[in-house]
Structures are given as C-alpha cells and as structure tokens.
Amino acid sequence: MAEGKRFSAEVHLKEGSADWIVFVHGFGGSARTWKNQTVFFSKHYNLLVLEMHKEKVQGKLELDKVCRLIASTLDHYGIEKAHFMGFSFSSLICLRFAVLYPEKVSSLILGGGIIKFNLRTKFLLYLAITFKRWINYMILYRFFAYIILPRSNHRRSRSIFVTEAKKLGYEEFCRWVDLIPQTNDSLTWLDELDDDVQVLYVSGDEDHLFLKDTLRYSRRIGNSRVEIIDNCGHVCSIEQYEQFNDIVLRYLRSVFA
C-alpha cells in the first residue's frame with residue numbers, strides 16, 4: 001500500500017442520511033473484534049470498519065501516515081464527518097487523527113482508552129521493543145495479554161485478541177510496536193484538540209493499567225465524559241459488550257440528538 005492509498009474496510013450501510021461511525025481496531029486486532037458493535041450499531045448508523053493490518057503499509061510506519069491513510073479511506077467512501085470509535089492503542093490514533101483532521105470528527109468514543117503510557121506501561125513497551133528480535137512475537141503478545149487482562153472473566157477477550165494477533169506476522173508486529181513510542185507527546189494533543197470534538201471514554205473498573213490515568217487526564221478535555229463498567233477488564237467492548245453498546249448509544253443520542 002503506497003502513500004496516498006487507503007486502508008481496507010468493511011462498510012455497513014443503513015441509509016444515506018444516517019450518521020457515520022468509523023471503527024478503528026486496536027493493536028493486533030481486526031474488524032472481527034468489533035463484531036458485537038457492528039451488529040448492534042448497524043441498526044442505527046452507517047458504519048465504516050477499518051482493517052489496518054489486512055494490507056501492509058509500504059515504507060516506514062508513522063503515526064501521521066496512519067492518520068493520512070484513514071483520511072484517504074474516508075474520502076474514498078465520501079464520508080465528510082463521522083464519529084470515531086477506537087479501542088486501547090487505537091484510542092491514541094483516534095486522538096491524533098482528531099488533532100490533524102478536526103473537520104472530519106464529530107466525536108471520539110474510546111473503549112479501554114489510553115491517554116498516556118505511565119512508567120509501568122512504558123517498561124512493558126521497553127521489553128517489547130528490546131526482545132522483539134529475540135523472542136517469538138506471539139509469546140510476547142500472550143505475555144502482554146495476560147498482564148493487561150489477568151482475571152478469569154477476561155479470558156474470552158484475551159483469547160480473541162491473541163487469535164487475531166496470530167494473523168499479524170512477525171514483521172508487521174515489529175512495525176506496529178515501533179509505532180507506539182510516537183505517541184509520547186499524547187498529553188500535548190489534549191490541548192490541541194478542537195473544542196467542538198466530543199469525547200467519551202468507556203473503561204472497565206478492572207482496567208488496572210490505564211483507568212487511573214484516563215480519569216486523571218481526561219479532565220483536561222473540555223467536552224469529555226468517562227463511563228466505567230463494573231466487574232470488567234480492559235476490553236470492555238467484548239467482555240461487557242451489551243452494556244458498552246448501551247452506554248455509547250445513549251451518549252450519541254443525548255449529545256447529537
């Protein structure tokens with residue numbers, strides 16, 4: 001995929017006048033990880049579900065290049081403005097996209113949202129970057145999946161993401177790991193975010209790595225809200241998908257009625 005092209009995507013059309021939701025999967029994920037959302041939200045909205053790992057991006061993988069490819073994908077489908085739903089690492093991609101292309105973003109809906117990497121998560125990232133050339137990438141991915149999703153009720157979401165990550169391949173895994181440090185300035189993006197962009201964070205109360213920082217730093221976003229799902233881990237969009245979907249739909253209807 002050369003510069004100036006676009007990502008692969010699934011399209012679910014309700015009707016021309018309905019708003020669009022663009023789904024941006026997390027690291028190692030795919031459109032399949034949004035299955036519970038696409039079935040539900042296709043009854044109410046037009047959906048564009050990105051597949052960022054399906055075709056390899058040519059050249060060095062850069063965060064702003066990823067955002068340009070997302071913008072090109074929207075242009076290809078004639079989508080002028082949309083709600084963006086991201087998850088985990090892709091919440092940072094969505095945040096950066098909203099800074100670069102505010103005219104294309106109505107709202108950001110960020111499940112298991114990450115605003116910044118703290119000391120613990122930076123150390124985990126350091127391990128991934130250091131050992132990616134020495135240890136099988138699926139061993140690393142499984143290790144991180146257990147660190148992020150340690151409890152028995154996290155098992156299903158953990159299994160889905162490990163299964164999807166197997167499709168990545170070693171080289172693609174390394175390229176996306178190297179992309180993560182490019183989000184080090186993510187806190188500055190909060191100050192650059194357009195005031196008209198509405199932001200909803202939805203997190204599980206058992207998200208032990210990211211929830212604390214989400215609560216702390218989301219206060220810097222004027223039009224932000226945080227919803228917390230009880231007895232739920234990081235991957236709230238899968239583990240408690242019915243409650244996640246209801247929270248998001250109520251939010252969209254109340255803010256964009």
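Keep in mind that the numbers below use all heavy atoms, side chains included, and drop hydrogens, waters and symmetry copies. Counting begins at 1 with the first residue of the sequence.
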Answer with yes or no whether the side chains of [Y] and [X] bring together a donor and an acceptor at under 3.5 Å.
X	Y	result
Asn118	Thr121	yes
Arg32	His25	no
Glu206	His154	yes

Is any side-chain heavy atom of [X] less than 4.5 Å from a side-chain heavy atom of [Y]?
X	Y	value
Leu193	Ile221	yes
Ser30	Glu10	no
His12	Asn46	no
Phe84	Phe97	yes
Asp207	Thr214	no
Trp34	Met85	yes
Phe89	Ile180	yes
Asn223	Val199	no

Are [Y] and [X] connected into the same hydrophobic cluster when the rule is that any two of I, L, V, M, F, W, Y join if their side-chain heavy atoms are below 4.5 Å apart?
X	Y	answer
Leu13	Tyr45	yes
Ile148	Leu119	no
Leu47	Val11	yes
Tyr241	Ile247	no

Could you check Val255 against Arg225 for side chain to side chain contact (heavy atoms under 4.5 Å, CB included), going step by step and ending with a plain yes or no?
CA-CA 11 Å; Val255 177; Arg225 185 185 305 178; 4.0 Å; yes
For the atom pair [atom1] ([X]) and [atom2] ([Y]), what is the distance rounded to the nearest 0.5 Å?
X	Y	atom1	atom2	result
Arg120	Asp213	CZ	CG	8.5 Å
Ser186	Leu92	OG	CG	5.5 Å
Leu187	Trp189	CG	CH2	10.0 Å
Lys65	Cys67	NZ	SG	12.5 Å
Asp185	Arg96	CG	CZ	8.5 Å
Ile70	Ile93	CD1	CD1	6.0 Å

Run the ring-centre check on Phe27 versus Phe173 and record whether the distance is less than 6.0 Å.
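Judged by ring-centre distance (under 6.0 Å), Phe27 and Phe173 do meet the cut-off.
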Short question: side chain of [X], backbone of [Y] - any donor-acceptor pair under 3.5 Å?
X	Y	answer
Gln182	Leu61	yes
Ser254	Arg250	yes
Ser159	Arg155	no
Gln37	Ser237	yes
Asp205	Asn231	yes
Arg158	Arg142	no

Give every residue pair that meets the ring pair (Phe, Tyr, Trp, His ring centres under 6.0 Å) criterion with at least one member in residues 191-228, sequence neighbours excluded.
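As it turns out, the ring pair (Phe, Tyr, Trp, His ring centres under 6.0 Å) pairs with a partner in residues 191-228, which skip direct neighbours, are Phe210-His234.
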Option from Val24, Leu74, Val66 for which side chain to side chain contact (heavy atoms under 4.5 Å, CB included) with Phe7 holds:
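Of Val24, Leu74, Val66, side chain to side chain contact (heavy atoms under 4.5 Å, CB included) with Phe7 is met by Val66 alone.
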Set out, in order, the CA-CA distance, both residues' side-chain angles and the distance that settles side chain to side chain contact (heavy atoms under 4.5 Å, CB included) for Leu249 and Phe41, then state yes or no.
CA-CA 8 Å; Leu249 183 61; Phe41 286 101; 4.2 Å; yes
Determine whether Trp176 and His53 satisfy the following criterion, side chain to side chain contact (heavy atoms under 4.5 Å, CB included), listing intermediate values before the conclusion.
CA-CA 10 Å; Trp176 282 83; His53 296 316; 3.4 Å; yes
Quick one: side chains of residues 99-117, donor-acceptor pairs under 3.5 Å with protein atoms, not counting sequence neighbours, listed by atom name and distance.
from, atom 1, to, atom 2, distance (Å)
Lys104, NZ, Asp75, OD1, 2.9
Ser107, OG, His83, ND1, 2.7

